[in-house]
Amino acid sequence: MKIDRLIGILSVLLQEEKVTAPELAKKFEVSRRTINRDIEELCKAGIPICTSQGIGGGISIMEGYRMDRTLLTNKDMQMILAGLRSLDSVSGSRYYGQLMEKIKSGSSEYVSGSESILIDLSSWYKESLSPKIEVIQNAIEERKVIRFQYYAPSGDSTREIEPYFLIFKWSNWYVWGWCRLRKDFRMFKLNRMDKLMQTQVDAEKREVPMPDLSTEKMFSGSISVKAVFDASMKWHLIEEFGLESFRVQDDGTLLFEHEYTDREGLIAWMLSCRDKVTVLEPESVREELLHITSKIAKKYIETRRK
């Protein structure tokens with residue numbers, strides 16, 4: 001986009017003593033004539049840009065303007081680059097990588113020091129995730145409806161939505177949009193999607209509310225959980241819920257008391273702890289765990305007999 005290029009050119013000029021039009025043309029992948037027009041636009045906007053011809057010539061900002069040349073600190077730039085690297089980890093194209101190069105170009109003194117923050121937003125599903133993100137981003141930009149097969153605990157369905165936001169939360173990627181089936185705004189998990197495609201149907205103009213990403217909203221209902229964990233599970237409780245979630249009992253076991261909002265997730269978590277946990281409350285969760293483990297035991301006993 002033109003405005004992005006103008007900001008990029010201004011950023012380079014603020015960092016470099018002097019740069020040539022061919023260098024800018026190569027950096028921003030446009031013609032020299034386009035760069036010349038961009039320089040004219042910056043001059044009209046009140047940026048005091050000077051040009052000089054011949055050997056050693058080039059484009060620069062007037063010396064008196066340099067007193068406020070540093071718009072961002074080194075730390076600011078490191079944070080920006082960390083964010084771009086994280087997006088590049090799930091991108092199916094080279095866009096974010098190229099954008100990082102443009103920002104860093106000619107700014108070795110400005111962007112100094114080694115990288116201290118590394119964020120990887122990809123997952124085991126990166127090969128299938130990146131194309132989905134790209135399709136959804138394009139549909140949002142072009143205001144088009146997307147269609148996909150969706151697999152949920154309630155069953156399989158074909159959905160068409162008007163996408164508005166891509167969201168990374170709870171270690172997963174989601175899309176927020178208007179569901180044409182439910183006639184309401186809904187959140188969909190990308191890993192549960194298949195056969196995702198952008199249609200030629202235009203999205204309607206709507207008042208789009210910001211999605212409520214609070215745990216209470218996404219997982220309605222509160223479950224008061226009380227359980228006793230083996231001492232070897234201390235690291236696990238600290239990692240998941242923090243030091244305040246349990247207290248060490250006289251026999252060394254850990255009494256865990258916490259509010260949980262996702263019953264399905266609670267059952268799965270307790271099962272993943274194997275024999276290292278005993279649920280005390282609520283009784284309904286105890287009964288469900290007993291039912292599930294009894295069925296598992298029966299299945300393996302029957303398999304052994306065959």
If hydrophobic clusters are built from ILVMFWY residues whose side chains come within less than 4.5 Å, do Phe188 and Val145 share one?
no
Report yes or no: do Met197 and Val175 belong to one cluster of Ile/Leu/Val/Met/Phe/Trp/Tyr joined by side chain heavy-atom distances under 4.5 Å?
no
Distance-only side-chain donor-acceptor flag, Tyr300 / Glu302, under 3.5 Å
no
Can you tell whether the side chains of Arg286 and Glu283 come within less than 4.0 Å, N to carboxylate O?
yes
Separation between CD1 of Ile49 and CD1 of Ile61, rounded to the nearest 0.5 Å:
6.0 Å
Side chain to side chain contact (heavy atoms under 4.5 Å, CB included) partner of Ile59, chosen from Ile39, Thr20, Ile9:
Ile39
Verify same cluster id: Leu271, Tyr260 (apolar side-chain graph, 4.5 Å):
yes
Do Arg33 and Ser31 have side-chain N/O donor and acceptor atoms under 3.5 Å apart?
no
Picking from Lys195, Glu160, Arg180, what satisfies side chain to side chain contact (heavy atoms under 4.5 Å, CB included) with Arg147?
Glu160
How far apart are the closest heavy atoms of Tyr164 and Arg206, and which atoms are they?
OH-CD, 3.7 Å
Nearest heavy-atom neighbours spanning Thr253 and Asp251
OG1-OD1, 2.6 Å
Evaluate the ring planes of His236 and Trp269, with Trp represented by its six-membered ring, and classify them as parallel (under 30°), tilted (30 to 60°) or perpendicular (over 60°).
parallel
Cation-pi geometry met for Arg186 and Trp178 (6.0 Å, 45°):
no
Any idea which heavy atoms bring Leu237 and Ser245 closest together, and the distance?
O-OG, 4.0 Å
Of all heavy-atom pairs between Lys189 and Tyr150, which one has the smallest distance, and what is that distance?
N-OH, 2.9 Å
Between Trp176 and Pro209, what is the shortest heavy-atom contact and its length?
NE1-O, 3.2 Å
Can you confirm whether Val277 sits close enough to Met233 that some side-chain heavy atom of one is under 4.5 Å from a side-chain heavy atom of the other?
no
Sub-3.5 Å donor-acceptor pair from the side chain of Arg143 to the main-chain atoms of Glu204, do we have one?
yes
Do the rings of His258 and Phe256 sit parallel, tilted or perpendicular, given the 30° and 60° boundaries?
parallel
Are Ile238 and Phe241 linked, directly or through intermediate hydrophobic residues, by side-chain heavy-atom contacts shorter than 4.5 Å (ILVMFWY only)?
yes
Atom CG in Leu196, atom CE in Met193: separation rounded to 0.5 Å?
6.0 Å
Output all residues satisfying side-chain hydrogen bond (donor to acceptor under 3.5 Å, both in side chains) with Lys144, sequence neighbours left out; order by chain, then residue number.
Asp202
Go through the side-chain N and O atoms of Glu259 and Ser224 and say whether any donor and acceptor fall under 3.5 Å apart.
yes
Are Phe185 and Met210 connected in the hydrophobic side-chain network, where two residues link if heavy atoms are under 4.5 Å apart?
yes
Would a 4.5 Å heavy-atom cut-off, applied to side chains only, mark Ser52 and Lys18 as touching?
yes
Check whether any side-chain N or O of Thr303 sits under 3.5 Å from a backbone N or O of Lys299 as a donor-acceptor pair, and report yes or no.
yes
In the hydrophobic cluster built from side-chain contacts under 4.5 Å, what are the other members alongside Leu255?
Val228, Leu280
Let me know which of Leu166, Leu190, Ile146 forms a side chain to side chain contact (heavy atoms under 4.5 Å, CB included) with Lys132.
Leu190
Here the gap from Ser157 atom OG to Leu181 atom CG, rounded to the nearest 0.5 Å, amounts to 6.5 Å
Yes or no on side-chain contact (heavy atoms from CB on, under 4.5 Å) for Met270 and Val225, after CA distance, side-chain angles and deciding distance?
CA-CA 11 Å; Met270 289 299 180; Val225 181; 3.8 Å; yes
Are Phe165 and Tyr174 close enough, and set up right, to give a ring pair (Phe, Tyr, Trp, His ring centres under 6.0 Å), and what steps lead you there?
CA-CA 8 Å; Phe165 294 104; Tyr174 301 81; over 10 Å; no
Of all heavy-atom pairs between Ile161 and Cys179, which one has the smallest distance, and what is that distance?
CG2-CA, 3.8 Å
Lys27 and Val12, any side-chain heavy atoms less than 4.5 Å apart
yes
